[in-house]
Amino acid sequence: MLNGKSPRVDGDRLWSRLMAMAKIGATAQGGCNRQALTDADWEGRALLSAWAHTAGCTVRVDSVGNLFLRRSGREDTLPVVMTGSHLDTQPTGGKFDGVYGVMAGLEVIDSLNDLGITTRHPVEVVVWCNEEGCRFPQPMMGSAVWAGRTPLQSAYALSDPAGKSVRQELERLGVTTGAPVLPQPVKAALEVHIEQGPVLERCRKTIGVVTGVQHMSRHEVIVHGQEAHAGPTPMDMRRDPIRVLADVLPAFYAAAQKRAPDARLTVSIIETSPGSPNTVPGRLRVIVDLRHPLVAQYRSLRAEIDRLVAESLQRQGLEGSIHCVWEAPGVEFDGECIAAVRKATAALQLNAMDLVSGAGHDSVNVAAVVPTAMIFVPCAGGLSHNEAESALPSDLEAGANVLLHAMMSLSGAAP
Ligand SMILES: [Zn+2]
């Protein structure tokens with residue numbers, strides 16, 4: 001409390017900066033195209049860095065392109081209290097995904113300045129490089145390298161569809177490459193983000209206290225059949241891979257239903273080849289995306305999907321396989337960080353509920369090495385990765401206030 005008044009961020013400044021950032025890489029449909037390591041990405045970071053310099057921060061970039069804005073603490077050698085997200089977007093992305101977490105972090109620093117508050121621990125705002133993974137195909141790349149989960153050289157070797165590598169693009173943009181990326185000592189990390197789902201809006205809550213991120217994986221089912229003429233070939237004399245699809249689809253949805261309401265199963269791709277209207281397909285390829293917040297349920301769902309495919313292949317007498325092509329382990333966030341978010345939410349008298357994130361975030365990587373939690377605010381219709389992505393200024397302000405209070409308590413703030 002400051003002279004009996006509880007500290008608040010400046011919601012108008014936060015909103016106007018979000019709108020200024022949205023002009024960089026703006027699309028005709030009101031969204032943003034600011035893909036990682038493009039000129040637009042760098043222009044956005046330059047604008048942010050200019051604001052940070054004005055706020056008295058020191059600015060540094062590590063050798064995988066993560067950007068850090070640092071505000072000194074009273075005991076400046078103590079581990080930092082960190083917050084942040086990403087500024088890169090999907091090709092047809094919105095104004096808030098990631099950007100909000102960065103701008104809210106800067107707003108916390110500016111508010112601490114305005115209120116004359118010194119924190120005991122230094123405070124840092126981070127912009128993780130290539131969170132989206134659309135141009136260079138590894139989502140959450142910068143945070144994965146920082147957390148030691150991805151070797152720097154494998155990140156450097158990623159290339160975009162035009163054949164440009166991460167390393168080439170970093171060097172083109174003036175980043176000094178080669179030095180090892182090591183996490184600085186961090187006491188606690190928080191990330192505030194739009195929910196990217198419809199739950200908060202539907203439940204009429206302003207704040208989601210994020211307790212973890214779902215376990216998730218993608219699986220490729222391949223079934224081999226035999227191409228044959230759709231007319232002359234009797235049904236019982238075909239080797240039709242779609243028979244397996246007909247078996248497993250209802251069984252997949254039943255497996256998800258058994259683990260309702262938290263299981264997520266998405267049959268996202270179904271491909272047949274040759275894909276001709278009068279030919280029995282010779283090959284079927286299906287991609288299934290599985291998610292669950294609890295590790296035991298997630299593993300049992302995975303095992304059941306594997307078993308259903310194997311049983312159907314045997315029943316139909318067809319060759320094929322299912323294998324995991326991508327897996328991102330989930331995470332349970334840190335109790336002390338979650339408690340700081342809850343306390344802040346209560347002090348601000350905001351409507352809140354617990355949530356598990358359905359999407360991956362940099363915080364999953366950060367949580368592997370430092371105590372971490374996340375804060376969600378609603379977005380209109382739950383829409384994200386979409387140019388129409390939208391959020392209310394009052395909700396964004398509320399989330400930034402929760403971030404301010406939680407960071408003040410974690411960093412030992414004193415007027
Ligand atoms: Zn994001």
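Note that this is a predicted model, so its numbers are computed, not measured. We count ligands from 1, going down the list as the structure has it; atoms in each ligand are counted the same way.
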Under the criterion salt bridge (charged side-chain N to carboxylate O under 4.0 Å, His left out), I'd like the reasoning laid out for R13 against D114: C-alpha separation, chi angles, the key distance, then a yes or no.
CA-CA 12 Å; R13 178 171 55 198; D114 294 348; 3.0 Å; yes
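Residues passing the ring-ring contact (aromatic ring centres under 6.0 Å, His included) test with F333: none are found, sequence neighbours excluded.
Residues Y100 and H86 keep their aromatic ring centres 6.0 Å or farther apart. Between H215 and Y298, the ring center distance clears the sub-6.0 Å criterion. Aromatic ring centres of H323 and H219: separated by at least 6.0 Å.
Protein N, O or S atom count below 2.8 Å of the Zn ion (ligand 1): the structure gives 3.
By the 4.0 Å N-to-carboxylate-O rule, E43 lies too far from K23 to be salt-bridged with it.
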